[in-house]
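Chain letters run A, B, ... following the sequence lines, proteins first and then strands; every chain starts at 1.
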There are 2 protein chains.
Amino acid sequence: MTIREMCEAFDVTPRTLRFYEAKELLHPRREGQRRLFGKRDRARLKLILRGKRFGFSLEEIRQLLDLYHMDDSQETQLRKSYALAETHLAEMEAQRDELNEAIAELKDQMAWGARRLAELRRNSAAG
Amino acid sequence: MTIREMCEAFDVTPRTLRFYEAKELLHPRREGQRRLFGKRDRARLKLILRGKRFGFSLEEIRQLLDLYHMDDSQETQLRKSYALAETHLAEMEAQRDELNEAIAELKDQMAWGARRLAELRRNSAAG
DNA sequence: AGGAAAGATGACGTGAACGTAAACGTAACG
DNA sequence: CGTTACGTTTACGTTCACGTCATCTTTCCT
């Protein structure tokens with residue numbers, strides 16, 4: 001996959017992909033001097049963009065990415081990755097819980113607003 | 001509440017609070033020239049920090065904040081706020097769903113890692 | 001061969017969200 | 001009455017995550 005195809009598939013700019021490579025979040029292979037993105041790169045980019053939406057920094061994401069290819073690691077590295085994963089999992093679950101709470105509160109506020117609107121409508125109908 | 005108390009209560013710096021005021025996210029009243037933060041400011045700051053954790057920009061948060069005091073608004077403003085709230089609610093629910101998916105995937109990866117670790121342990125015990 | 005299109009590198013620019021330092025006010029303490 | 005502590009404004013500095021040229025190859029088309 002060329003850089004352009006990659007950009008269209010994920011709605012990012014070439015600059016972004018080169019930037020991610022410079023930051024070692026992506027490692028496209030080269031054909032001559034051109035970048036070629038494979039299946040693995042697409043999987044990683046998907047995770048990167050997801051991580052961003054959750055508010056993780058690129059550096060945090062870079063570490064997280066290693067968790068998704070713990071394949072050929074030594075036990076020491078595997079343990080480190082696993083521990084990091086536990087931390088991040090806890091963070092994500094906490095964030096989900098807080099998000100649910102925020103959603104509930106926002107719904108409350110909206111219900112209140114809806115009542116106010118209905119009330120205003122009744123008054124204008126009466127007036 | 002003084003700025004210092006506020007900082008300790010929410011673990012932010014004075015600079016941050018002044019910055020939020022400059023951006024019109026907070027409106028502490030003044031005693032002479034000193035800032036005094038009330039209950040309302042604490043509620044707002046809580047929402048600000050929450051919003052940040054969910055990846056919203058300060059400008060987005062500023063708009064969201066108005067949703068939480070739709071009290072004395074006119075119908076037109078109330079409708080606008082309500083519509084904005086619906087948009088944000090949808091975003092937050094989408095984010096929650098994606099977060100749940102991400103959590104599930106990460107758990108899968110960790111289960112896989114756990115199996116690898118167990119396997120390595122068996123091998124070293126055998127060796 | 002000539003020229004547009006796509007991709008690469010390098011360098012500088014930018015907006016968001018603060019950090020940090022300078023210079024000043026003031027209120028309490030010894 | 002000095003100084004210590006906390007607060008203020010103003011202004012410039014910094015980090016992150018890219019955007020935006022400028023310049024240079026490589027490739028593809030006619």
Ignoring backbone atoms, establish whether A:Tyr20 has a side-chain N or O less than 4.0 Å from OP1 or OP2 of D:dC18. yes
Considering only heavy atoms and no angle criterion, is a donor-acceptor pair shorter than 3.5 Å present between the side chain of A:Arg15 and the base of D:dT20? yes
Taking OP1 and OP2 of C:dG7, is either one under 4.0 Å from a side-chain nitrogen or oxygen of A:Thr2? yes
Between A:Glu91 and A:Gln95, do the side chains contain an N or O donor and an N or O acceptor separated by less than 3.5 Å? no
With respect to A:Leu25, which candidate in A:Asp41, A:Leu65, A:Leu45, A:Leu47 satisfies the side chain to side chain contact (heavy atoms under 4.5 Å, CB included) definition? A:Leu65
For D:dT9, does OP1 or OP2 lie under 4.0 Å from any side-chain N or O of B:Arg30? yes
Base, sugar-phosphate, or nothing: which does A:Arg18 touch, judged by heavy atoms less than 4.0 Å apart? base
Please check the phosphate of C:dG19 (OP1 and OP2 only) for any side-chain N or O of B:Thr13 closer than 4.0 Å. yes
Side-chain donor-acceptor pair present, B:Gln77, B:Ser81, cut-off under 3.5 Å: yes
Which nucleotide wins on minimum distance to the side chain of A:Gln33, given the candidates D:dA17, D:dT8, C:dG7? C:dG7
Think A:Thr16 has a side-chain N or O under 4.0 angstrom from the OP1 or OP2 of D:dG19? yes
Just checking A:Lys52: base, sugar-phosphate only, or nothing, at a heavy-atom cut-off of under 4.0 Å? sugar-phosphate
Does the side chain of B:Arg35 get closer than 4.0 angstrom to OP1 or OP2 of D:dG7 through an N or O atom? no
Starting from the 5' end of DNA chain D, give me the residue, A:Arg34 or A:Phe19, whose nearest nucleotide shows up first. A:Phe19
